[in-house]
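Chain letters run A, B, ... following the sequence lines, proteins first, then strands; residues in each count from 1. Worth knowing before you read on, the calculation uses all heavy atoms, side chains too, and leaves out hydrogens, waters and symmetry mates.
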There are 4 protein chains.
Amino acid sequence: MSAVDRRKQILRAAARSFALFGYKATTMDQVAKIANVGKGTIYTFFSNKEDLFDEILYKVILEMKMLAESRIDRNSTFFENLFSVLDALLEFRDEHELFIKLSQEVRDVGTLKAKEGLATLERVILDYLEREIAMALERKEICSCDPQVAAFVMFKLYIALASDFKYVREPLSQVEIHHYIRMFLADGLANPNARPVNIPN
Amino acid sequence: MSAVDRRKQILRAAARSFALFGYKATTMDQVAKIANVGKGTIYTFFSNKEDLFDEILYKVILEMKMLAESRIDRNSTFFENLFSVLDALLEFRDEHELFIKLSQEVRDVGTLKAKEGLATLERVILDYLEREIAMALERKEICSCDPQVAAFVMFKLYIALASDFKYVREPLSQVEIHHYIRMFLADGLANPNARPVNIPN
Amino acid sequence: MSAVDRRKQILRAAARSFALFGYKATTMDQVAKIANVGKGTIYTFFSNKEDLFDEILYKVILEMKMLAESRIDRNSTFFENLFSVLDALLEFRDEHELFIKLSQEVRDVGTLKAKEGLATLERVILDYLEREIAMALERKEICSCDPQVAAFVMFKLYIALASDFKYVREPLSQVEIHHYIRMFLADGLANPNARPVNIPN
Amino acid sequence: MSAVDRRKQILRAAARSFALFGYKATTMDQVAKIANVGKGTIYTFFSNKEDLFDEILYKVILEMKMLAESRIDRNSTFFENLFSVLDALLEFRDEHELFIKLSQEVRDVGTLKAKEGLATLERVILDYLEREIAMALERKEICSCDPQVAAFVMFKLYIALASDFKYVREPLSQVEIHHYIRMFLADGLANPNARPVNIPN
DNA sequence: GATGAATGAGGTTTCATTCAT
DNA sequence: TATGAATGAAACCTCATTCAT
């Protein structure tokens, strides 16, 4: 196997383990076993556990950024863009979701550097959302609110439905997630005009 | 200092540390230092780390149960009751918030017993919410949706606003939280009739 | 209760626990509980665990010395004296046995001082036996052998029958012990003249 | 050094320390230091202290069983067989002696499993001896006695001479041990026909 | 003087990291 | 270069000893 393949395999294994068990509970032995490489091999590519973590973080940030930018169309409405990006995210859900969990476990990551890394990603996402929301406000597409709070709620709502939910009930399909985000974010629960959720299955 | 005070001090310190750093990352040395007691002292009150954790968990479950039951009025509407309980929870925010974080870190808690404890609490809350939502649906107070999803979203929305938010921005006041939950849950962002948030300060 | 009574109670409790569980496995909490006094009380009489141990040791040494001396009659034969002392020891078996165990656990006693204490007692007993055996040899009462080895075997044989045996089978009565010591020590297993053991029960 | 060598070194060090200081008083630090390995290295071969102890126990049980079976000859007399096994045991004295001590410290071993392990070994040895003694009784090779008591005394006598003795005096040679066991067990101290001990040295 | 809650040194065990092969 | 055995810092927990009541 090539060195590049090995590296990717380690990254994939680590991402999977970090997501499943968190930063502290992920042991290098576990990563090595999942990646099917020797433990020492990890250290030929990454100088330590934190570095490995950071690289995964950085990759996800980059992917998300590119993905979002490729979907935004300045001629579309806020909600059209939001749902377009949302659908793109959901297509790679398995991959990103692995990460999404980590943002909730910031507190477990011992080192300052890793903490900052996670904060960075969250900040990148929130900043982007805030700008979009601010623009939507100016165009009166959404009702008056603090863009910071709105962005944060969107972010958490997405994570809750796309990832957290399956830990307590059967996981939601892409269509269901899409629908519920529209229901809670756009229309409101008390809105009598809200369309009922149509679950295809 | 009296024994009861010491016990409380340890509980407070542990709750604080569990909430800040998670279960695994909380060391008994740390708890001892925060509580300003010797490490051994903790073990005179709690037989081990898990016991300490369980006691905090149990106390929170009890408090929340009592609090919710005291606020529900069967003659009031769903949203009236929801906001009444919400306000009660927010009054003790500092105390409960400590716990709320833990529910996000279930996966990091090593022992089965602790895991089950956390799952229990979340399940208690969700079950309660689902029943209330199902009743509201029958009375047509809210629009058609899966009560399980709606309950889950409410739960996560509360945690996001009351607790998570302050890790990225200035914390929200009780009034703001109240208002945003109404906005996202009841009225919807796209609703032109939604009242703007009035921050007293 | 008087201070002297308290002191005795602690000594008795400690002797019991040392004998049952050994030096290391005996905790001061345990001694306090058995003695029905506060843990701190022990430290008003004994400066530390080792001191408590030493005192018990010293007391037993004294008792045994006095007991042996009171039974020895220079006009009697070696075996008559041996069995006389033996019977005296067996009368206080419960009390002494508590100690006897300790001589086997010398290796568990962490501190040099305690180790030396135990060695002292064993040495006192062995020296006494050696002198008696040497005298018996001169009088041709017993067959040619190294008094050091003979003394040691006598000592161990006594402990084995009077104390160790009950950990694997039903404990032996005083009469049985007496008889078996005679059989193994004086007559020999292969001796056809040896009288069979008459167990009264 | 090879892994197998390291493993053996740890076993040897642990056996030595268990024998010298007992189970509780043997620290993993001590074993590591004696074995000249890092503390963690022990845990690459044995999952915990008890496992390390059990392995030593099991090995000794096996060795003793095989050794005894290889020496027993049904056409020989009881004492011939006894001394044959005895000599075989004495050849590996250093190795077995390490264990023998442990049988005296059963009471200090905290865990049930270890306790049972030690009891098992003692029981195996005693059962074997009892059967042999019962057969000897039927053939009138030895005088009337309880086989349980006789077996126990033989066991303790062997331990006393082969192991315990050197803690109070110069250790006995193989020939001396052989001779004294014959003297005390077969002939009796008071037997005028007993041959004097011939120490070759 | 008696007490037992409080303490921290020292025990077992885990795991990120190193390094000889 | 890839490996995994070896390592020791740091975690949890016990218990002899102290000291405020």
**For atom CG of D:Asn36 and atom P of F:dA6, their distance in whole Å** = 12 Å
**Message:** Dot-bracket, 5' to 3', for DNA chain F please: Watson-Crick or G-U pairs under 3.5 Å, [ ] where pairs cross earlier ones, | where the partner sits on another strand, dots elsewhere.
**Reply:** .||||||||||||||||||||
**Message:** Closest-nucleotide mapping onto DNA chain F: is D:Val37 or B:Met28 further toward the 5' terminus? I mean the 5' end.
**Reply:** D:Val37
**Taking every non-hydrogen atom, the tightest pair across D:Ala14 and D:Leu52** = CB-CD2, 3.6 Å
**Message:** Quick check on E:dT12: is either OP1 or OP2 less than 4.0 Å from any side-chain nitrogen or oxygen of D:Lys49?
**Reply:** yes
**Prompt:** To the nearest Å, how far apart are A:Asn48 CG and E:dC15 P?
**Reply:** 18 Å
**Asked** For DNA chain F, what residues of residues 40-47 of chain D have any heavy atom nearer than 4.0 Å?
**Response** D:Gly40, D:Thr41, D:Thr44, D:Phe45
**Fill in**
Taken in chain and number order and not counting sequence neighbours, the residues that satisfy side-chain hydrogen bond (donor to acceptor under 3.5 Å, both in side chains) with C:Ser17 are C:Thr26, C:Gln30
**Item:** Interatomic distance where CG belongs to B:Asp5 and P belongs to E:dA6 [whole Å]
**Value:** 11 Å
**Message:** Test of understanding: with side-chain hydrogen bond (donor to acceptor under 3.5 Å, both in side chains), list the residues that count as partners of D:Asp29, not counting sequence neighbours.
**Reply:** D:Lys39
**Request:** Measure the distance from CD on A:Gln30 to P on F:dG4 and round it to the nearest whole Å.
**Result:** 16 Å
**Side chain to side chain, D:Phe46 and D:Leu11, heavy atoms closer than 4.5 Å** = yes
**Request:** Return no unless some side-chain N or O of A:Arg6 is found under 4.0 Å from OP1 or OP2 of F:dT3.
**Result:** yes
**Gap between atoms CG and P, on A:Asp51 and E:dA16 respectively (whole Å)** = 15 Å
**Asked** Can you tell me how far CZ of D:Arg16 sits from CD1 of D:Ile34, rounded to the nearest 0.5 angstrom?
**Response** 8.0 Å
**Item:** Sequence-distant partners of B:Phe45, side-chain contact (heavy atoms from CB on, under 4.5 Å), two or more places apart
**Value:** B:Ala3, B:Arg6, B:Arg7, B:Ile10, B:Thr41
**Request:** List in chain and number order the residues that pass side-chain contact (heavy atoms from CB on, under 4.5 Å) with B:Ser47, two or more places apart in sequence or in another chain; answer none if no residue qualifies.
**Result:** B:Asp51
**Request:** Quickly work out the B:Lys39 NZ to E:dT12 C1' distance and round it to whole Å.
**Result:** 13 Å
**Request:** Find the distance B:Leu52:CG to F:dC13:P and express it as a whole number of Å.
**Result:** 10 Å
**For C:Asn36, all residues meeting side-chain hydrogen bond (donor to acceptor under 3.5 Å, both in side chains), sequence neighbours excluded** = none
**Request:** Please tell me if the side chains of B:Lys59 and B:Glu63 come closer than 4.5 Å, counting only heavy atoms from C-beta onward.
**Result:** yes
**Asked** Considering only side-chain heavy atoms of D:Asp29, which listed nucleotide, E:dC15, F:dA16, E:dT12, is closest?
**Response** E:dT12
**Message:** Rounded to whole Å, please give me the gap between NZ in B:Lys33 and C1' in E:dG8.
**Reply:** 13 Å
